[in-house]
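Reading through the structure tokens given below for one structure.
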Number of protein chains: 2
Amino acid sequence: MTSTDGNIKMQAPKVSIKPTNCHDCRMSALCLPLAMEYGDLDRLDKVIQRTKPLHKNQSVFYSGDTFSSVYAIRSGSIKAYCVSDDGTEQVTGFYLPGEIFGWDGIADDTHKNTAVALETTAVCEIPFNKFEELSASIPTLQRHFMQLMAREITSDQQLITLLGKNSAEERIASLLLSISGRLGRRKLSPTRFRLPMSRADIGNYLGLTVETVSRVFSRFQASGYIKCDKKEVEILNLSSLSNLVQTCAEA
Amino acid sequence: MTSTDGNIKMQAPKVSIKPTNCHDCRMSALCLPLAMEYGDLDRLDKVIQRTKPLHKNQSVFYSGDTFSSVYAIRSGSIKAYCVSDDGTEQVTGFYLPGEIFGWDGIADDTHKNTAVALETTAVCEIPFNKFEELSASIPTLQRHFMQLMAREITSDQQLITLLGKNSAEERIASLLLSISGRLGRRKLSPTRFRLPMSRADIGNYLGLTVETVSRVFSRFQASGYIKCDKKEVEILNLSSLSNLVQTCAEA
DNA sequence: TCATCTCCATGATGTAGATCAATTCTCTGT
DNA sequence: ACAGAGAATTGATCTACATCATGGAGATGA
């Protein structure tokens with residue numbers, strides 16, 4: 001039983017629509033189909049809802065909620081987790097700017113995960129029924145969406161490999177590299193960043209205890225692989241970290 | 001480095017079309033949209049290709065192959081796995097009759113996994129480009145497909161929880177119950193069945209060694225939870241097994 | 001400003017499951 | 001029918017990580 005339950009129950013306000021649109025959003029090239037024409041982008045823009053930024057610990061949706069939308073992150077970060085019968089939580093993913101989450105509800109119209117903001121976070125809501133109508137007439141949109149889902153599958157399977165076979169050091173190196181790579185793709189610094197999640201969340205996600213996570217961070221620092229002060233991380237030796245990780249061979 | 005590489009390299013013959021169709025297939029209600037009208041089923045039937053049954057250890061596709069289809073199992077069983085840089089393999093899933101596999105290629109048109117028959121197995125090939133055309137005009141098909149993908153995501157995430165948090169006994173109980181449930185849904189016996197995969201495959205999948213798998217099977221047998229002779233398994237005490245497993249709470 | 005809380009770090013000890021090793025059993029092919 | 005290889009079981013030992021325990025450093029709030 002974790003002690004965070006109290007905090008995460010606060011309600012997320014769903015309020016005013018900000019005067020932004022998909023054209024202005026610097027993420028659109030990433031979270032939306034690259035191949036989409038501008039006329040189509042306008043149509044998509046009309047269905048996407050932008051909500052007020054979430055505070056830390058506010059939820060986007062809860063496990064058990066009826067599925068109606070998927071969400072794209074404009075800024076901030078999201079943790080997805082589910083809670084088992086005995087109350088223990090399992091973190092299933094961290095999502096960074098430009099990434100999409102909420103697929104877990106499509107299977108039977110019910111969210112399996114709870115999604116909570118790890119810091120002040122702005123998300124775009126993409127109503128799924130509207131999206132389905134749209135994608136019938138915009139074929140690239142449909143395919144793009146499936147690709148995003150498939151990417152979720154591949155990344156889940158990589159995590160499975162990580163949890164099944166790899167040591168604590170390998171798991172943490174892998175997470176650091178994953179975050180680094182994802183930030184890099186968003187034109188953010190891949191070597192200096194702030195981890196939005198706690199050591200406990202990292203441990204939970206990677207199947208390790210807080211203590212082990214902490215020790216590995218210390219060891220990485222002692223080895224000169226990284227420099228870190230609390231959540232602030234600088235990767236000093238990317239190749240050493242890479243050498244620790246065994247990724248599934250790309251073809 | 002595993003020693004099975006030799007076997008799995010044999011080529012799968014892609015040969016004659018059997019005179020079956022989706023109407024006759026007793027699986028169609030499961031692998032295809034329930035809501036689909038018969039006219040639509042005919043159209044789908046025309047694109048689906050049925051191949052000669054695969055022998056044990058023959059592959060449907062290899063990691064690195066260009067993605068062009070997903071596959072439904074009519075009979076038999078499939079193991080999906082990927083190989084990391086150092087040659088070790090990671091089993092990412094087992095697929096039973098009525099189930100669909102091959103999503104892993106949608107993300108970037110390249111299969112991440114290799115799919116191999118665990119026994120003599122018959123599969124239906126569903127060419128993805130044809131399917132995409134179809135699903136634009138059959139909305140239920142599109143949604144059904146996304147639901148199948150989402151189910152893959154949910155089941156992967158359950159496995160993540162299992163690997164991150166659960167003991168050897170819990171993992172194996174969970175696998176047995178999963179297989180039992182999936183067979184039951186297909187109107188096959190949920191209490192007496194033959195495990196198509198080896199102990200090594202089970203261990204690989206669950207992040208355990210063969211020895212541990214073997215010991216847990218012995219312990220389960222000693223406790224009277226199951227009776228098993230090699231791959232033949234009978235579940236004697238379903239509730240005891242269920243009690244071992246902590247599933248993510250359904251809403 | 002002080003009290004409380006959460007997060008993080010680090011040391012000491014325990015244990016589940018890995019590893020190593022040996023034996024039997026079961027397929028496969030000739 | 002037999003030889004050889006792979007699959008499974010069981011025992012003995014080892015180790016990476018969990019667990020338990022303590023202390024400090026930042027936050028948060030009255």
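Here is the naming used below: chain letters follow the sequence lines, and residue numbers restart at 1 for every chain. Please read these numbers as outputs of a predicted model, since none were measured by experiment.
When distances run from any side-chain atom of A/Arg199 to the nucleotides C/dT19, C/dC8, D/dA18, the shortest one goes to C/dC8.
Nucleic acid contact for A/Lys231: sugar-phosphate only, since backbone atoms but no base atoms lie under 4.0 Å from a heavy atom of the residue. At a threshold of 4.0 angstrom between heavy atoms, the contacts of B/Ser198 are confined to the sugar-phosphate backbone, with no base atom among them. Within 4.0 Å of A/Gly203, counting heavy atoms only, lies no atom of the nucleic acid at all.
Rounded to 10°, the angle separating the first-five-pair axis and the last-five-pair axis of the helix from C/dT1-D/dA30 to C/dT30-D/dA1 equals 60°.
Contact check for A/Lys79 versus A/Phe94: side-chain heavy atoms found under the 4.5 Å cut-off.
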Carefully, step by step, assess B/Thr92 and B/Phe101 under the rule side-chain contact (heavy atoms from CB on, under 4.5 Å).
-> CA-CA 11 Å; B/Thr92 51; B/Phe101 63 96; over 6 Å; no
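Closest non-hydrogen pair, B/Thr161 versus B/Asn166, comes out as O-OD1, 3.7 Å.
Judged purely by distance below 3.5 Å, without hydrogens or angles, the side chains of A/Asp156 and A/Thr154 never pair a donor atom with an acceptor atom.
A tilted orientation is assigned to the rings of A/Phe220 and A/Tyr225, their planes being inclined by 30° to 60°.
One finds no side-chain N or O of B/Thr209 lying less than 4.0 angstrom from the OP1 or OP2 phosphate oxygen of C/dG17.
The stretch residues 224-236 of chain B participates, sequence neighbours left out, in these salt bridge (charged side-chain N to carboxylate O under 4.0 Å, His left out) pairs: B/Arg192-B/Glu234.
Sorted by residue number, the members of residues 210-230 of chain A with any non-hydrogen atom under 4.0 Å from DNA chain D read A/Glu211, A/Thr212, A/Arg215.
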